[in-house]
Enquirer: 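Dropping the structure in here first, questions after.
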Protein chains: 2
Amino acid sequence: MSVDALAVLAEPTRRRIVEALRRSDHSVGDLVAALDMSQPAVSKHLKVLREAGVVSARTVAQHRIYTLEPGPFRELDAWLAPYRTLWTRSLDALERHLDSKE
Amino acid sequence: MSVDALAVLAEPTRRRIVEALRRSDHSVGDLVAALDMSQPAVSKHLKVLREAGVVSARTVAQHRIYTLEPGPFRELDAWLAPYRTLWTRSLDALERHLDSKE
DNA sequence: GAGTTATATAACCGTCAAGGCATGTACGGT
DNA sequence: ACCGTACATGCCTTGACGGTTATATAACTC
């Protein structure tokens with residue numbers, strides 16, 4: 001809901017998780033293997049990400065498959081939008097693109 | 001230099017500072033007044049922001065005027081770019097825009 | 001339903017950073 | 001040169017958070 005997507009994504013490990021999920025959905029075990037970390041640590045981060053709405057999980061057998069949710073990224077993009085004027089002048093078209101649904 | 005712009009900007013107080021600077025340049029005293037915080041706390045945050053390249057300062061008389069620097073916002077935008085595919089499909093033109101120098 | 005696999009939660013510890021106060025430093029005015 | 005203003009820095013305390021181990025829960029297998 002809030003712009004704390006930023007705070008949540010600031011954590012390096014969580015960023016690694018998110019980058020892994022960007023390529024494809026992963027189970028917790030997959031992530032543990034990919035990150036070379038303890039399973040509880042990963043589960044904990046996933047909980048944080050879940051509660052921030054950054055990811056969601058579906059249960060498949062005894063596995064939980066995690067997926068990225070667009071919402072927070074949208075928010076982050078929206079937050080960042082006003083700052084684009086810092087490095088570009090001809091941003092009108094760009095902003096209109098981002099603000100438009102499609 | 002690094003994508004820790006994210007980490008730096010995750011801090012709520014620093015975000016408030018940055019949002020203030022987005023509207024116009026501010027002296028330290030201005031920021032202290034705007035944020036209702038102790039001056040040392042503000043100076044400390046400004047140091048973090050400075051070292052991350054998010055802001056720069058120029059000395060005017062006994063005042064130090066802080067300004068936003070575009071670099072980190074650019075980085076953040078670049079980091080965010082791949083995730084745009086989450087909420088939009090026709091992003092080719094956009095990405096090309098962001099990847100191109102100008 | 002006993003055992004196994006997959007994940008979540010609990011309890012604990014160490015680190016780190018934000019905030020406060022006190023003090024240092026730089027500049028300007030007189 | 002002295003004083004006041006504007007800002008930076010040092011030191012300290014405290015709370016939040018990441019990581020680990022141990023344990024609980026859930027679901028599949030036989």
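We name chains A, B, ... by the order of the sequence lines, and we start the count at 1 in each one.
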Enquirer: Enumerate, atom names and distances included, each donor-acceptor pair closer than 3.5 Å involving a side-chain atom of residues 51-61 of chain A, sequence neighbours excluded.
Expert:
{"unit_1": "A:Ser56", "atom_1": "OG", "unit_2": "A:Glu69", "atom_2": "OE2", "d": "2.6"}
{"unit_1": "A:Arg58", "atom_1": "NH1", "unit_2": "A:Asp25", "atom_2": "OD2", "d": "3.2"}
{"unit_1": "A:Arg58", "atom_1": "NH1", "unit_2": "A:Thr67", "atom_2": "OG1", "d": "3.2"}

Enquirer: When you measure from the side-chain N and O atoms of A:Thr59 to the phosphate of D:dA26, is any distance below 4.0 Å, counting only OP1 and OP2?
Expert: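 Checking A:Thr59 against D:dA26: no side-chain N or O falls below 4.0 Å of OP1 or OP2.
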Enquirer: Given atom CG of B:Leu35 and atom C1' of C:dG20, what is their separation to the nearest angstrom?
Expert: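 One finds 16 Å between C1' of C:dG20 and CG of B:Leu35, rounded.
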Enquirer: Whole angstroms only, please: what is the NZ-P distance between A:Lys47 and D:dA16?
Expert: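 Rounded to whole Å, this separation is 16 Å.
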Enquirer: I want to confirm an ordering. Mapping B:Glu11 and A:Ala57 to their closest nucleotides on DNA chain C, which one lands closer to the 5' end?
Expert: A:Ala57
Enquirer: Looking at every non-hydrogen atom in both residues, tell me the closest pair between B:Glu11 and B:Thr13 and how far apart they are.
Expert: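 For B:Glu11 and B:Thr13, the tightest heavy-atom pair comes out as OE1-N, 3.0 Å.
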Enquirer: Taking the side chain of A:Arg50 as its heavy atoms from C-beta onward, which of D:dG10, C:dA8, D:dT20 lies nearest to it?
Expert: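 Closest nucleotide to the A:Arg50 side chain: C:dA8.
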Enquirer: Is there a salt bridge (Lys or Arg N to Asp or Glu O under 4.0 Å) between B:Arg16 and B:Asp36 once you walk through the steps?
Expert: CA-CA 11 Å; B:Arg16 289 174 61 200; B:Asp36 191 36; over 6 Å; no
Enquirer: Considering only heavy atoms from C-beta outward, does the side chain of A:Ser27 approach that of A:Arg64 to under 4.5 Å?
Expert: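 A:Ser27 vs A:Arg64: side chains apart.
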Enquirer: Just wondering, do A:Val18 and B:Tyr83 contact through their side chains at under 4.5 Å, heavy atoms?
Expert: yes
Enquirer: Any heavy-atom pair between the side chains of A:Phe73 and A:Leu9 that's under 4.5 Å?
Expert: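 Yes, close enough: below the 4.5 Å cut-off.
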Enquirer: Output the rounded distance in Å from CZ (A:Arg58) to C1' (D:dA27).
Expert: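 After rounding, the reported distance stands at 17 Å.
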Enquirer: Think A:Ser38 has a side-chain N or O under 4.0 angstrom from the OP1 or OP2 of D:dT20?
Expert: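 A:Ser38 to D:dT20 OP1/OP2: side-chain N or O found under 4.0 Å.
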Enquirer: If you only use heavy atoms from C-beta on, which nucleotide in D:dT20, D:dG18, C:dG20 is closest to the side chain of B:Lys44?
Expert: C:dG20
Enquirer: A:Met37 has an atom CE; how far is it from atom P of D:dT21, in whole Å?
Expert: 11 Å
Enquirer: Whole angstroms only, please: what is the CG-C1' distance between A:Asp36 and D:dG18?
Expert: 16 Å
Enquirer: Could you tell me how far apart B:Leu46 (CG) and C:dG19 (C1') are, to the nearest whole angstrom?
Expert: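 Taking atom C1' of C:dG19 as the reference, CG of B:Leu46 is at 15 Å.
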Enquirer: Please table the atom pairs, donor to acceptor, closer than 3.5 Å between any side-chain atom in residues 37-45 of chain A and protein atoms at least two apart or in another chain.
Expert:
{"unit_1": "A:Ser38", "atom_1": "OG", "unit_2": "A:Ala41", "atom_2": "N", "d": "3.3"}
{"unit_1": "A:Gln39", "atom_1": "NE2", "unit_2": "A:Ser43", "atom_2": "OG", "d": "3.0"}
{"unit_1": "A:His45", "atom_1": "ND1", "unit_2": "A:Arg14", "atom_2": "NH1", "d": "3.2"}

Enquirer: Could you check how far CG of B:Leu49 sits from C1' of C:dA17, rounded to whole Å?
Expert: 14 Å
Enquirer: Write down the protein N/O and nucleotide N/O pairs, taken from nucleotides 2-7 of chain D, whose separation is under 3.5 Å; answer none if there are no such pairs.
Expert:
{"unit_1": "D:dA6", "atom_1": "O3'", "unit_2": "B:Gln62", "atom_2": "O", "d": "3.3"}
{"unit_1": "D:dC7", "atom_1": "OP1", "unit_2": "B:Val28", "atom_2": "N", "d": "3.3"}
{"unit_1": "D:dC7", "atom_1": "OP1", "unit_2": "B:Arg64", "atom_2": "N", "d": "3.3"}
{"unit_1": "D:dC7", "atom_1": "OP2", "unit_2": "B:Gly29", "atom_2": "N", "d": "2.8"}

